Amino acid sequence: MSSLRLFELNPEQEKAVRATDGPLLILAGAGTGKTKVITTRVAFLICSGVDPSQILAVTFTNKAANEMRERLRRLIEPEKAKEVTMSTFHALCMRLLRQDIEKLGYKRNFSIYDEGDTTGLIKKIITRTAAKDEKLDPGVAKSLISKAKNNGWSAPEDEQSLLGAVFARYQAELKTLNAVDFDDLLLLAVKLLQEFPEVRARWNRRFQYLMVDEFQDTNRLQLDLVSLLAKAVDAPPGTRPNVAVVGDDDQSIYGWRGAEVSNILEFEEHFPGPTVIKLEQNYRSTNAILNTANTLIKNNPRRRPKQLWSAVEGGDKVNVVMAPDDRQEAEYVASQIAQRTFNEGLKHEDFAVLYRMNAQSRSVEQHLREMKIPYRVVGGKSFFDAREIKDLLAYASCLVNADDDVSLLRIINTPARGIGDTLVERAVEASIKARCSVFKVLQDEAFRGELTTRARNAIDTFVELLDRYETKLNEPLADQAGVLRAFIDETGYIADLRRTCKTPEEGVKRESKLLEVIRWFDENQKKSPDGLQKFIGDMMLRQEQEKEDDKEEGRGVTLITLHAAKGLEFPHVYLIGLEEGLLPHEQSKMAGTVDEERRLLYVGITRAMRTLTMTWCNQRIRYGSTMPCTRSSFVKEFPAEWVEHRNLVDIQSAPVDHSTAKNRFEQMLAFLDQIPD
DNA sequence: GGCGAATCGTCAACC
DNA sequence: ACGATTCGCC
């Protein structure tokens, strides 16, 4: 037990670790050692004799789950750490559904639709459903449907309103397609546990100890899921569920996704008689950073007051830098990182660049590349939204579930094989009429009979191709990655990809990207026999972010959105784009949710351990043209005594500061020393 | 039906 | 600035 080093914990942290029985609520401010407490608590449970496979830890992002797993590995034997289930809510639900979704009327080989697939489907349903004078924005419809699902509402029986009709049809169509969206993963998992006590009892037995991180961000479905898992269906009355939740109302930043802060504020009502522990000592940041964050967040009404304090004295002042435009902002950040790694002996891994929207990473990436600084972009649309990757996944999805219309339609004429828009249109129409999938229509004699010979031939060739590879895939001991590669090859997809690229170099790049994904699958397949279906699911949930080679050192500067950065920490942080309309975002000002934007900035600031630099621009390129910008209104809320405001133009014209000059001089001397006289 | 060119609309965040 | 969509021509 001494190897756990409980003596490294403060009294409150230790209390939290030792509170292993019954409900536990840990109110943990930013940087109060929350992850340390969770991981140590898991380790403590295991050392106390709990079977590691009976422990479930749920987080919100894959990044946080991986981080936790990594830290646990350092505390206990890796084999035991591996047995603990650490996953995001969505990945957990997928696991539940893979086993028992048939009970809910879906087939085991169901597909998962991402944002793009979902919007596309809703768009189609709207055009089909809406009368001439009616219009409904697909994006609006999608978010309303999503909100409804997360509140546990089902589609209305009557189809009075257009929205209601679209909702109902969307849900019905997903089921026909044997597909689920991200919300369904939660919704259906909850339904499964509610309606099938024997399934619930099985998972109750499996997970005796639950921990939920970032509990302030759970929505109603997620709370339901936690309750269903934690409260054993057959538990005698008076049993206290072993559920530990950790959270901080100041870091609630997922209101737009239906998060209910009340889940944490009213925890006692869901899990009576909990042990409640407050963690208030911050170990992460300097006082300059902490005071800046505290002063800012005090401006929020309706928050649980807390006294975050740090034993670390002072530290460098927080920098706020004004840049002429976004290009120079990015260049400044990149050159600072280059200089500081050189002068101060810092590692690239010590730095993170945080921003409000994914689009902001581009300019920073560009300058980091130019300066040959390694970096990695976390999340965002970088890799998986590339056309070739989505096409590949669509091809794979069709092999697994040919009734998945969205995937089928994506690739039915990619590359062009003579099944054009009008033909596809007719097939879709027939599929709606017959209430079956498009693939079934393509095989239907009545449908095929009405076609020209040429059209029929094109369809027959396609159906035969898909059939043949589906059979190959399902052969026992099939090399599934090989089958997929051969399939893509025979369709002529790669040749088509190359052809449609502007430059040959681009073609080579995209092709190797495609082949790399197939190679991941190949490796993945060797580790688990679950095959293609699981791999597609993991890809949809972005589970593979942590590749083997990423774990080694040298992964470089982290580029990450403020949302994705929650739960992480970095020695040196650059927080860019502190402009009115961007942070706080324009949309949030209109929606009246500026408080949440303030919490978002609070989250960003509290990621920094040693130094923090925030930047804003006078102008920025948006939608391809230059727009003037003004400083974020949050900046004036910072405490003057801990923050230094500077102008990038002044910094650049100033002489090199003393320590930098001294450093460079010493490096020169060291270099000269190496040269023999 | 297929293909290049012009035009359009997007950039809020995550799984 | 870029990808998606529409348009006009073969």
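Computed from a predicted structure; not experimentally measured. The basis for the numbers below is simple: all heavy atoms, side chains too, and nothing from hydrogens, waters or symmetry mates. Below, read A as the first sequence line, B as the second, and so on, with proteins coming before strands; counting in each chain starts at 1.
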Which nucleotide wins on minimum distance to the side chain of [X], given the candidates [options]?
X: A:Arg356; options: B:dC11, B:dC15, B:dA12; value: B:dA12
X: A:Ala416; options: C:dT5, B:dC3, B:dC11; value: B:dC3
X: A:Phe182; options: B:dC15, C:dT5, B:dC11; value: B:dC15
X: A:Trp256; options: B:dA13, C:dA1, B:dC15; value: B:dA13
X: A:Ala564; options: B:dA12, B:dC14, B:dC15; value: B:dC14
X: A:Arg622; options: B:dC14, B:dC15, B:dC11; value: B:dC11

At 4.0 Å (heavy atoms only), tell me whether [X] reaches a base, stays on the sugar-phosphate, or touches nothing.
X: A:Arg362; answer: sugar-phosphate
X: A:Tyr254; answer: sugar-phosphate
X: A:Gly624; answer: base

I'd like to know if [X] pairs up with [Y] as an ion pair, taking the criterion as any Lys NZ or Arg NE/NH1/NH2 lying under 4.0 Å from an Asp or Glu carboxylate oxygen.
X: A:Asp249; Y: A:Arg302; result: no
X: A:Arg362; Y: A:Glu365; result: no
X: A:Glu637; Y: A:Arg598; result: yes
X: A:Arg607; Y: A:Glu569; result: no

What is the separation between atom [atom1] on [X] and atom [atom2] on [N], rounded to the nearest whole Å?
X: A:Tyr602; N: B:dA13; atom1: OH; atom2: C1'; result: 20 Å
X: A:Asn150; N: B:dC14; atom1: CG; atom2: C1'; result: 12 Å
X: A:Ile576; N: B:dA12; atom1: CD1; atom2: P; result: 16 Å
X: A:Arg620; N: C:dA1; atom1: CZ; atom2: P; result: 14 Å
X: A:Arg599; N: B:dA13; atom1: CZ; atom2: C1'; result: 14 Å
X: A:Arg510; N: C:dC2; atom1: CZ; atom2: P; result: 13 Å
X: A:Leu562; N: B:dC14; atom1: CG; atom2: P; result: 10 Å
X: A:Tyr355; N: B:dA12; atom1: OH; atom2: P; result: 15 Å

Distance below 4.0 Å between [X] side-chain N/O and [N] OP1 or OP2:
X: A:Thr561; N: B:dA12; result: no
X: A:Asn358; N: B:dA13; result: yes
X: A:His585; N: B:dA12; result: yes

### Query
Can you name the closest pair of heavy atoms from A:Val517 and A:Phe535 and give their distance?
O-CZ, 3.7 Å

### Task
Could I get the full list of side-chain contact (heavy atoms from CB on, under 4.5 Å) partners for A:Asn457, not counting sequence neighbours?
A:Thr453

### Query
For A:His563 and B:dA13, is the gap between ring centres under 5.5 Å while the planes differ by less than 30°?
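No, aromatic ring not over the base.
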
### Message
Both A:Asn413 and A:Glu596 contact DNA chain B. Which one's nearest nucleotide lies toward the 5' end?
### Response
A:Asn413

### Which residue lies more 5' along DNA chain B, comparing A:Glu597 with A:His90 via nearest heavy atoms
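Final value for this comparison: A:Glu597.
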
### Query
Does a distance-only test, which skips hydrogens and angles, find a donor-acceptor pair under 3.5 Å between the side chain of A:Gln360 and the base of B:dC11?
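Looking at the base of B:dC11, it does not pair with any donor or acceptor on the side chain of A:Gln360 (distance under 3.5 Å).
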
